[in-house]
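In this text, all values refer to a predicted model and were calculated from it rather than measured experimentally. In the text below, chain A, chain B and the rest are named by the order of the sequence lines, each starting its count at 1. When reading the values below, keep in mind they use all heavy atoms of this one structure, side chains included, and skip hydrogens, waters and symmetry mates.
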Number of protein chains: 2
Amino acid sequence: MSKVSARTYSRYSLEAISLLGNLIRTARKERKMTVQEVADRAGISRGLLQRIEKGDPKCELGATFEVATIVGIKLFDAEATTLTKHIRQTEDKLALLPKSVRKKVKVADDDF
Amino acid sequence: MSKVSARTYSRYSLEAISLLGNLIRTARKERKMTVQEVADRAGISRGLLQRIEKGDPKCELGATFEVATIVGIKLFDAEATTLTKHIRQTEDKLALLPKSVRKKVKVADDDF
DNA sequence: TTTATATGAGCTATACATGGATCATAATGC
DNA sequence: GCATTATGATCCATGTATAGCTCATATAAA
């Protein structure tokens with residue numbers, strides 16, 4: 001019992017992941033694709049795809065997004081072109097913010 | 001050089017992940033939270049959060065969603081309650097689909 | 001300016017997700 | 001009905017993401 005990390009997740013995160021998995025599974029079946037087929041296209045194993053569809057938080061982010069893309073789920077309801085533009089806009093917005101966030105040395109507890 | 005798998009990702013997936021990272025960073029700074037602070041709340045290391053914000057596909061799905069939730073990004077533009085309902089709806093929809101997808105034995109190559 | 005701190009980058013050891021196999025069950029199509 | 005195949009659930013070996021440091025730089029506040 002050297003390490004009992006056991007990462008925790010908020011309810012919202014788990015549900016969002018679970019929903020994403022369900023969406024993937026639904027989309028896959030609607031497109032009449034087998035688990036094996038999607039796994040092959042995504043370049044992942046069958047077992048991993050099953051975990052993704054099951055809503056396992058301990059999966060690779062890239063693999064999950066790749067699968068979602070393959071079955072036709074747009075994570076941001078935007079085409080690739082729009083996405084690029086969106087990224088640029090976010091970067092611009094980011095440029096306006098301070099490079100580093102500095103905490104007030106000690107004013108009061110504001111963690112409520 | 002026993003294995004040079006080097007998983008590949010579609011352009012869209014990479015951009016979506018990159019966008020998510022930028023959104024997280026922007027949201028974090030807008031909320032005036034430091035990398036360390038968010039990392040602590042998410043129960044992850046500072047380095048991992050940096051990779052997430054950088055758009056590294058090789059991150060844990062759960063950690064990424066958790067961070068997004070902490071900085072106030074709703075992946076599905078829905079509250080937790082609505083999310084649960086949405087999950088249920090998806091499950092219902094799933095129940096109407098065939099349990100397993102069966103490929104036509106051998107008609108023609110339809111992989112175009 | 002000076003000082004303190006946030007950020008970025010690189011490194012290593014280790015826990016753990018992944019791939020690949022097997023087996024059992026379920027379910028589709030004939 | 002039967003035969004075929006998709007799915008689900010294990011298990012194990014191994015590649016690898018992760019945590020936790022260190023150092024260097026940049027940046028915000030005094």
Would you call Glu66(B)-Arg41(B) a salt bridge at under 4.0 Å N-O?
no
Provide, to the nearest angstrom, the distance between the CD1 atom belonging to Ile44(B) and the C1' atom belonging to dC16(C).
17 Å
For Tyr12(A), is the NZ or CZ atom of Lys74(B) found under 6.0 angstrom from the centre of its six-membered ring and inside 45 degrees of the ring axis?
yes
How close do Arg31(A) and Val71(A) get, counting heavy atoms only, and between which atoms?
NE-O, 3.2 Å
Does this structure show an ion pair linking Glu60(B) with Arg7(A), if we count only N-O contacts that are shorter than 4.0 Å?
yes
Provide, to the nearest angstrom, the distance between the CZ atom belonging to Arg7(A) and the P atom belonging to dG20(D).
10 Å
Using the rule given for side chain to side chain contact (heavy atoms under 4.5 Å, CB included), can you reason through Ile52(A) versus Ile44(A), listing the C-alpha separation, both sets of side-chain angles and the distance that settles it, and then say yes or no?
CA-CA 11 Å; Ile52(A) 290 175; Ile44(A) 65 176; 4.2 Å; yes
Check whether any side-chain nitrogen or oxygen of Arg25(A) sits under 4.0 Å from OP1 or OP2 of dG8(D), and answer yes or no.
yes
Please classify the nucleic acid contact of Ser100(B) as base, sugar-phosphate, or nothing, using heavy-atom distances under 4.0 Å.
sugar-phosphate
For residues Glu53(B) and Arg28(B), report the shortest heavy-atom separation together with the two atoms involved.
OE2-NE, 2.7 Å
Considering all heavy atoms, the nearest Ile24(A)-Val67(A) contact:
CG2-CG1, 3.6 Å
Proximity to DNA chain D (any heavy atom under 4.0 Å), residues of residues 28-40 of chain B only:
none
Would you mind telling me which of dG8(D), dT18(C), dA17(C) lies closest to the side-chain atoms of Arg46(A)?
dG8(D)
Closest non-hydrogen atoms of Cys59(A) and Arg51(A), given as atom of the first, atom of the second and distance, are SG-CB, 4.1 Å
Between Val101(B) and Gly43(A), who's closer to the 5' end of DNA chain C by nearest nucleotide?
Gly43(A)
N or O in side chain of Lys99(B) less than 4.0 angstrom from dA26(C) OP1/OP2:
no
Using five base pairs at each end to define the local axes, how bent is the helix from dT1(C)-dA30(D) to dC30(C)-dG1(D), to the nearest 10°?
80°
Between NZ of Lys58(B) and P of dT18(C) the distance, given in whole Å, is 10 Å
Looking only at the side chain of Pro98(A) (C-beta and beyond, no hydrogens), which of the listed nucleotides dA28(D), dT7(C), dT7(D) gets closest?
dA28(D)
Is Lys93(A) salt-bridged to Glu30(B), going by a charged N under 4.0 Å from an acidic O?
yes
Is the shortest heavy-atom distance from the side chain of Glu91(A) to the side chain of Asn22(B) under 4.5 Å?
yes
For Arg102(A) and dT3(C), is the shortest distance between a side-chain N/O and OP1 or OP2 below 4.0 Å?
no
Would you mind reading off the distance between Leu61(A) atom CG and dT18(C) atom P, rounded to a whole angstrom?
11 Å
With a 3.5 Å cut-off and no angle check, do the side chains of Thr26(B) and Thr90(A) form a donor-acceptor pair?
no
Residues within residues 48-56 of chain A bordering DNA chain D, heavy-atom distance below 4.0 Å
Gln50(A), Lys54(A)
